[in-house]
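Taking it in order: structure first as structure tokens, then the write-up.
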Number of protein chains: 2
Amino acid sequence: MMKEHMRVTAHDVAEAAGVSRSAVSRAFTEGASIAPEKRQRILSIASMLGYQPNRIARGLSGRRTGLVALVFGRVSSPYEAWLLDHLSQAIRARGKWPLLLSAFPEGELDGALAHALSYQVDGAIVAAGSVSRTLAERCAALGAPIVMVGRILDGVAVDAVCCDNALGMRQLVELLVSEGRHRIAWIGGKAEAFSNVERQAGLLEALSGWGLEPWARRVADYSVEGGMLQALALLTADERPDAILCGNDAMALGAISAARRLGLGVPEEIAIAGFDDIPAAAWEPYLLTTVCNPVAETAAQALRLLEQRIDDGARPHEVVRLTPRLVRRRSA
Amino acid sequence: MMKEHMRVTAHDVAEAAGVSRSAVSRAFTEGASIAPEKRQRILSIASMLGYQPNRIARGLSGRRTGLVALVFGRVSSPYEAWLLDHLSQAIRARGKWPLLLSAFPEGELDGALAHALSYQVDGAIVAAGSVSRTLAERCAALGAPIVMVGRILDGVAVDAVCCDNALGMRQLVELLVSEGRHRIAWIGGKAEAFSNVERQAGLLEALSGWGLEPWARRVADYSVEGGMLQALALLTADERPDAILCGNDAMALGAISAARRLGLGVPEEIAIAGFDDIPAAAWEPYLLTTVCNPVAETAAQALRLLEQRIDDGARPHEVVRLTPRLVRRRSA
DNA sequence: TCCCGTATTGAACACGTGTGCAATATAGGC
DNA sequence: GCCTATATTGCACACGTGTTCAATACGGGA
């Protein structure tokens, strides 16, 4: 191939500049011992030749590749896409590159992450709700810098950042109850998903604080379609709830559609609320009342934790709990 | 750090198995010359030790890293997220890994792609609508395997896959006109965006085929919010259009919201159509009539072109035009 | 038993860079 | 002008792998 023939290496630059190859390397290394004017000359000649240090080789020699693995289950759902956007932006802002791991069957995840470590990533940010405990422990044991987002594993020594799901649910329940809603139904997500576990627990606790119990409980898959189907079932039952709380916004959007399809007024006849505050929640036909999952701050904190962990692998593990904010719109 | 201390290399495996390091390398190389039973023994010892070839080192020595750069402008918008999902899935299915480049100011893109090439990616799939012609030419000249998605640059020798935007617009116009709509307004995107250029040109051509001209032309930014604002302006003007064609689905969703806000019936008083068929287009409150941009096939074709280009850098360049499919829902 | 062709093997080199160490240049103080 | 502390520099090695090439083992036919 032509490619390798045209590739310009540090050696070429050194020759052109009449210096040693080490000098070229040092010119590109922040804080290395080299005369300022010589560095300038080398840099200018390098850019003239179109030279750029080969990060692969650099990663082999030094111990840093500048790669950060982003472990996602799926990217297409609104919340994940949103989070991914912020994370990749944050990573780029720190001069690193995101290596994306996504879209594989859940079971394959463990193997995939191990595989990714063979790329010598400096660290990984895991946003997949379904990483196995075993994998997390293995990583922790391996000493690989890892930050979990939206998930906390008790007893596993891992940094994590996660919004206070229980607090969010408490705010929602308080809002609904204070408006006189007492027949509150719940549409949750998959039982294994951590966010769902915490949100459901928060819901139950908050309700019992008012001496209430869920009017009904149903399970969907965090999708719009799933939310709609379960809401249809709830709203056509003999005893209708007067409010539906959903485990995430997507299902809540589906629930609103279900109510409309049945000719029920939202929020007059049925109040509906979600969780996350994805962009679509603010769209005119929905105006969903929800709880804002602070994505930007989540990304920032995750990256901060990761960098601190990379710098000092022995520091005590930290769990950051972000405060969600109630967003009142029309649906409740 | 502990990490490097614990790292197990081919050398360790060779020692444990009582063979040369070359043998270990060959055991992990498909089709290399090695006795079958020896390979099995090495592989089993390797997995026992938790060894895995270091892809970074492998990329340095061989010429393949197994990395494919995905160049995106932004990831958060629905269509991009959707495409990204399919692309990353397709890449993973081929045993490679996606390296994500996104979320930088447009101008920085050229530098970013050049930077990414320093990771020795085997190739890149560029989905950013706004890659400069200069950059594309530079890549082509550099011989780096590149496939452009959703964009075609005349005169630049690059593989590309792109849906037939003009055909899509023709189908939409035909549908609208055949239903008696003659006052068709257009909300386009940024003038530089390739998809917008083609779609707008297709619209004008199709309209003129019926002896028509756009009732009005406005520009937004491919966002829901932008679409709503421009639609509000259109629908409150003295002479109202009887149909609004939008450059993409997101703007069309905004337009539907605008019509609702003004109490106009969709499609009775105003027909609205978009382009792409993002998931949200099928949501109940919208039921947007649109044209389906075949994302899965786009991803598959892009990867096919990339792999062929990697295998043979000299083959003639290919441009794949995918056929969009009209999706009739309620809004038109 | 000997010879030759073939399947395996191991040693050595290449890939492009960072970095420790000793050597050198430079400047400053006397 | 000389000596010493310091700033630069270049050499050589390390990083972990793929791959070429000569050497070796093996097996079969004469």
Side-chain angles (χ1 to χ4, degrees), chain A residues 1 3-43 45-46 49-67 115 117-122, chain B residues 1 3-43 45-46 49-67 115 117-122:
Chain A
M1 271 223 322
K3 200 172 153 195
E4 50 209 275
H5 186 256
M6 305 183 60
R7 164 144 284 113
V8 36
T9 80
H11 180 76
D12 304 327
V13 177
E15 214 161 46
V19 298
S20 79
R21 199 186 51 71
S22 314
V24 178
S25 170
R26 279 191 260 260
F28 280 90
T29 306
E30 192 81 12
S33 166
I34 187 177
E37 61 273 19
K38 178 177 246 184
R39 159 173 281 155
Q40 281 314 315
R41 193 161 54 87
I42 292 179
L43 288 181
I45 291 187
L49 264 56
Y51 167 77
Q52 222 164 355
N54 181 329
R55 321 269 311 210
I56 293 291
R58 176 177 279 196
L60 224 205
S61 177
R63 306 303 291 172
R64 299 278 168 84
T65 54
L67 293 176
H115 208 167
L117 292 179
S118 73
Y119 274 109
Q120 304 282 95
V121 293
D122 294 342
Chain B
M1 260 204 356
K3 200 170 154 196
E4 51 209 274
H5 187 255
M6 306 182 60
R7 163 145 286 114
V8 36
T9 80
H11 181 76
D12 304 327
V13 178
E15 214 161 47
V19 298
S20 78
R21 200 187 50 70
S22 312
V24 178
S25 171
R26 279 191 264 260
F28 280 89
T29 306
E30 192 81 13
S33 167
I34 187 177
E37 62 273 18
K38 179 177 248 184
R39 159 173 281 156
Q40 281 313 314
R41 193 161 53 86
I42 292 179
L43 288 182
I45 291 187
L49 265 55
Y51 168 76
Q52 222 165 357
N54 182 330
R55 320 268 312 208
I56 292 293
R58 176 176 282 199
L60 183 55
S61 176
R63 308 301 294 171
R64 299 279 167 86
T65 53
L67 293 176
H115 208 168
L117 291 179
S118 73
Y119 275 108
Q120 305 281 96
V121 293
D122 294 343

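Just so it is clear: chains get the letters A, B, ... in the order the sequence lines come, proteins before strands, and each one is counted from 1.
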Given DNA chain D, 5'-ward residue of the pair A:R21 and B:R58, judged by closest heavy atom: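 Nearest nucleotide further toward 5': that of A:R21.
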Closest approach of B:G66 to B:R55 (non-hydrogen atoms, all atoms of both residues):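 Answer, listing the atom of B:G66 first, then B:R55: CA-NH2, 4.3 Å.
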Closest heavy-atom pair and its distance - A:V8, A:G50: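 A:V8 and A:G50 have their closest heavy atoms at CG1-O, 3.7 Å.
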Base, sugar-phosphate or nothing for [X]? Non-hydrogen atoms, less than 4.0 Å.
X     : answer
A:I34 : sugar-phosphate
A:R26 : base
A:Y51 : sugar-phosphate
B:T9  : sugar-phosphate

Beyond-backbone contact of A:I42 with A:V13, side-chain heavy atoms, under 4.5 angstrom: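 In contact.
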Distance-only donor-acceptor test (3.5 Å): side chain A:S22, base D:dC11: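 Side chain to base: pair present.
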No-H, no-angle donor-acceptor pair, A:R64 side chain to C:dG18 base, under 3.5 Å: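 A donor-acceptor contact between them is absent.
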Would you kindly give the [atom1]-to-[atom2] distance between [X] and [N], to the nearest whole Å?
X      : N      : atom1 : atom2 : result
A:R41  : D:dT8  : CZ    : P     : 14 Å
B:E15  : D:dG16 : CD    : C1'   : 15 Å
B:Q120 : C:dC15 : CD    : C1'   : 9 Å
B:F28  : D:dT19 : CZ    : P     : 15 Å
B:N54  : D:dC15 : CG    : P     : 12 Å
A:L60  : D:dT17 : CG    : P     : 9 Å
A:Q52  : C:dG16 : CD    : C1'   : 14 Å
B:R39  : C:dA7  : CZ    : P     : 15 Å

Minimum-distance nucleotide (side-chain atoms of B:S20 versus C:dC15, C:dG16, C:dG10):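 It is C:dG10.
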Nearest-nucleotide pick for A:S61, side chain only, options being D:dT9, D:dA14, D:dG10: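 Comparing D:dT9, D:dA14, D:dG10 against the side chain of A:S61, the answer is D:dA14.
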Expected output: side-chain B:Y119 to main-chain A:T65 donor-acceptor under 3.5 Å: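 Side chain of B:Y119 to backbone of A:T65, a donor-acceptor pair under 3.5 Å: yes, one is there.
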Donor-acceptor contact below 3.5 Å, side chain B:R39 vs main chain B:I34: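 Side chain of B:R39 to backbone of B:I34, a donor-acceptor pair under 3.5 Å: no, none is there.
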Under-4.0 Å side-chain N/O to phosphate OP1/OP2 contact, B:K38 with C:dT9: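 The answer is yes; a side-chain N or O of B:K38 sits under 4.0 Å from OP1 or OP2.
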C:dT17 OP1/OP2 closer than 4.0 Å to side-chain N/O of A:S25: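 A:S25 to C:dT17 OP1/OP2: no side-chain N or O under 4.0 Å.
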Toward the 5' end of DNA chain C, by each residue's nearest nucleotide, B:A57 or B:A35: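 Counting from the 5' end, the first nearest nucleotide belongs to B:A35.
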